[in-house]
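Presented below is the structure to which this report refers.
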Amino acid sequence: MNYWLIKSEPSAYSWEQFVKDKQTFWSGVRNYAARNNLKAMKKGDLAFFYHSNEGLCIVGIAKVIKEHTPDKTAKEGEWYGVDFAPFKALKNPVTLAQIKTEPLLKNMEIIKLSRLSVSKVSDKEFDKILLMSETK
DNA sequence: GCCAACGTTGGC
DNA sequence: GCCAACGTTGGC
């Protein structure tokens, strides 16, 4: 099983809306690196849901319920989307500032490639962030 | 195939 | 609102 991190601006699509919707088709990705990550996702994989621009924190975990399918919102090019459902909310959001100060997480893709909207998270990073969300 | 210019994203 | 970082584009 693999872990991921997906980013969204709350003003565009928030975790709250996601929970309300019960599931969503993650589309609109127009970046090759992000697309490759989407294509690598398997059913059952978990992804952190990160709020960019506002909040700047990981608020919950999404689960892949359907692997990549063509993104019909793309007028040209070969792009894909993935279906997610909310898995669970974090007890406490883990902020970007917290991640930055944690040595174990300094090399996370989200830190190094802040502009990548879909990035990979290692097992260790996933566990660490979960732990941080449990303790304030 | 290189590289400068430009556009976009996202943190501050 | 600014600016750094990155991706993309286009001229050569």
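Values in this document were obtained by computation on a predicted structure and should not be read as measured data. Side-chain atoms are counted along with the backbone in the values below, which use heavy atoms only and exclude waters and symmetry mates. Letters A, B, ... are given to chains in the order of the sequence lines, protein chains preceding strands, and every chain is numbered from 1.
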> Got a sec, which residues hit side-chain hydrogen bond (donor to acceptor under 3.5 Å, both in side chains) with A:Asp83, two or more places apart in sequence or on another chain?
Replying inline: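 Scan of A:Asp83 (side-chain hydrogen bond (donor to acceptor under 3.5 Å, both in side chains), adjacent residues dropped) gives none.
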
> Looking at residues at least two apart in the chain, or sitting in another chain, which of them share a side-chain hydrogen bond (donor to acceptor under 3.5 Å, both in side chains) with A:Glu78?
Replying inline: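 Only A:Tyr80 meet the side-chain hydrogen bond (donor to acceptor under 3.5 Å, both in side chains) criterion with A:Glu78.
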
> Which is true for A:Leu56 with a 4.0 Å heavy-atom rule: it touches a base, it touches only sugar-phosphate, or it touches nothing?
Replying inline: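 Sugar-phosphate only.
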
> Mind checking which nucleotides bracket the chain A contacts on DNA chain B, 5' to 3', with an atom under 4.0 Å from a heavy atom?
Replying inline: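 Counting from the 5' end, contacts occupy B:dG7 to B:dC12.
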
>> Connecting only ILVMFWY residues whose side-chain heavy atoms lie within less than 4.5 Å of each other, what is the rest of A:Leu113's hydrophobic cluster?
In response: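 Its cluster mates, by chain and number, are A:Leu116.
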
> Quick one: hydrophobic cluster around A:Trp79, which other residues, with the 4.5 Å side-chain cut-off, linked directly or via members?
Replying inline: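 Members alongside A:Trp79: A:Tyr32.
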
> With sequence neighbours left out, what residues match A:Asp21 under side-chain contact (heavy atoms from CB on, under 4.5 Å)?
Replying inline: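 Partners of A:Asp21 under the side-chain contact (heavy atoms from CB on, under 4.5 Å) test: A:Tyr13, A:Gln17.
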
